[in-house]
Amino acid sequence: MLSKRVKYAIKTLLFLNRTNNASLFSAKKISENERIPLKFLEQILRELKQNKILKSERGAEGGYTFMKDPADIKVLDVIRIVDGPVAMLPCASLNFYEKCADCTDEATCGIRKLLINVRDSMLPILDTSIADMTKSEKFPI
């Protein structure tokens, strides 16, 4: 299940992209426009800034804007930054693989095979960029 943190991070990036980077937006303005609790949003913004997705400027006219081109920001990257692994089990993960303690034979494990198929089906869809989501009719905002 997608966490609220990821959902809010994506909503924030879509909001900033819809403005065509016209100006800086404060956390308060983003919070009000996207109905995201301010304290929660501030944590998300800090994480996106630490991962060089967003940059911020201080002061009365300050706020947040993109550091990275929205065409280069994939939903998959945002999920991994905010929540970590995309796979439903560590043994089915590409980037966060861990052997299951209770598994006797990964090669024949039906659960692992199923979840690898789920992962492989999801990855191309989640590889959609923030820019593509903003302009695509498939993802009305």
Side-chain angles (χ1 to χ4, degrees), residues 1-103 105-141:
M1 187 180 327
L2 202 62
S3 74
K4 277 191 176 183
R5 288 174 52 82
V6 169
K7 181 181 174 185
Y8 291 161
I10 294 168
K11 285 179 70 169
T12 297
L13 296 172
L14 292 172
F15 169 77
L16 291 172
N17 194 52
R18 282 193 311 267
T19 65
N20 296 319
N21 246 357
S23 62
L24 299 170
F25 287 92
S26 68
K28 184 177 180 187
K29 180 76 171 170
I30 297 168
S31 170
E32 290 168 356
N33 275 294
E34 297 302 313
R35 297 186 196 132
I36 301 171
L38 182 59
K39 291 293 180 191
F40 203 29
L41 177 62
E42 287 172 340
Q43 294 171 2
I44 294 165
L45 291 168
R46 192 170 321 125
E47 207 163 4
L48 293 172
K49 185 178 169 190
Q50 287 171 344
N51 284 278
K52 299 185 180 356
I53 301 291
L54 297 178
K55 61 183 175 180
S56 66
E57 293 185 24
R58 295 179 183 245
E61 299 297 319
Y64 292 86
T65 190
F66 287 102
M67 175 178 270
K68 193 172 182 181
D69 185 335
D72 296 329
I73 303 168
K74 307 295 183 179
V75 172
L76 182 59
D77 298 332
V78 177
I79 293 171
R80 286 181 173 147
I81 287 168
V82 176
D83 272 357
V86 175
M88 299 170 97
L89 282 178
C91 66
S93 179
L94 287 173
N95 296 336
F96 299 91
Y97 171 84
E98 288 181 27
K99 184 171 176 38
C100 291
D102 59 343
C103 190
D105 183 16
E106 277 187 353
T108 61
C109 179
I111 296 170
R112 180 174 187 263
K113 286 180 179 182
L114 173 73
L115 295 180
I116 286 173
N117 284 334
V118 169
R119 178 205 69 204
D120 290 347
S121 297
M122 286 186 340
L123 290 180
I125 297 165
L126 295 175
D127 202 41
T128 302
S129 75
I130 295 300
D132 288 340
M133 280 189 73
T134 306
K135 64 184 175 189
S136 174
E137 292 178 15
K138 287 198 290 188
F139 309 106
I141 300 172

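The model shown is predicted, which means the values in this text are computed figures rather than measured ones.
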Discussion item. For a side-chain contact (heavy atoms from CB on, under 4.5 Å) check, start with the C-alpha distance between L13 and L54, then their side-chain angles and the critical distance, and finish with the verdict.
Written reply: CA-CA 9 Å; L13 296 172; L54 297 178; 3.8 Å; yes
Practice prompt. Check the pair T65 / T19 against side-chain contact (heavy atoms from CB on, under 4.5 Å), numbers first and verdict last.
Written response: CA-CA 10 Å; T65 190; T19 65; over 6 Å; no
Worksheet item: Could you walk me through whether I79 and L2 pass the side-chain contact (heavy atoms from CB on, under 4.5 Å) check?
Response: CA-CA 8 Å; I79 293 171; L2 202 62; 4.1 Å; yes
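Here the side chains of E34 and T12 are not in contact, with every heavy-atom distance at 4.5 Å or above. A 4.5 Å side-chain heavy-atom check between L14 and I130 finds at least one atom pair inside the cut-off. Side-chain atoms of L89 and R112, non-hydrogen and from C-beta on, never get closer than 4.5 Å to each other. Contact annotation: the side chain of V86 never approaches that of F96 to less than 4.5 Å [non-hydrogen atoms, C-beta and beyond]. Using a 4.5 Å heavy-atom threshold, the side chains of Y64 and L24 count as separate. Side-chain contact between Y97 and P90: absent, with no pair of heavy atoms (C-beta onward) separated by less than 4.5 Å. Counting heavy atoms from C-beta outward, K74 and L126 have side chains that stay 4.5 Å or more apart.
Within the model, atoms CG of N17 and CE of M133 stand 10.5 Å from one another, a figure rounded to the nearest 0.5 Å. A distance of 9.5 Å separates CD of E106 from OG1 of T108, quoted to the nearest 0.5 Å. One distance of note links CG of L16 with CG of L45; it measures 8.0 Å at 0.5 Å rounding. Taking CD1 of I44 as the reference point, atom NZ of K4 lies at 10.5 Å (rounded to 0.5 Å). Taken from OH in Y8 to CD in Q43, the straight-line distance is 12.0 Å, to the nearest 0.5 Å. Remark: L48 CG to K68 NZ distance equals 11.0 Å, nearest 0.5 Å.
Annotation: I111, atom CD1; neighbour count of heavy atoms from other residues, nucleotides and ligands within 6.0 Å does not exceed 12. Within 6.0 Å of CE in M88 there are 12 or fewer heavy atoms belonging to other residues, nucleotides or ligands. More than 12 heavy atoms of other residues, nucleotides or ligands shown are found within 6.0 angstrom of NZ on K99.
Smallest separation of non-hydrogen atoms from A92 and R119: O-NH1, 2.5 Å. Closest heavy-atom contact between F66 and K55: O-CE, 3.5 Å. For the residue pair S129 and A71, the shortest heavy atom distance occurs at CB-O, 3.3 Å. Of all heavy-atom pairs spanning A9 and V82, the tightest one is CB-CG2, 4.0 Å. Annotation for A27 and E42: closest pair CB-CG, 4.2 Å, computed over non-hydrogen atoms.
At least one donor-acceptor pair under 3.5 Å links the side chain of N51 to the backbone N or O of E47. Between the S31 side chain and the I36 main chain, a donor and an acceptor come within less than 3.5 Å of each other. Formation of a donor-acceptor pair under 3.5 Å by the D77 side chain with backbone atoms of I73 is not found in this model.
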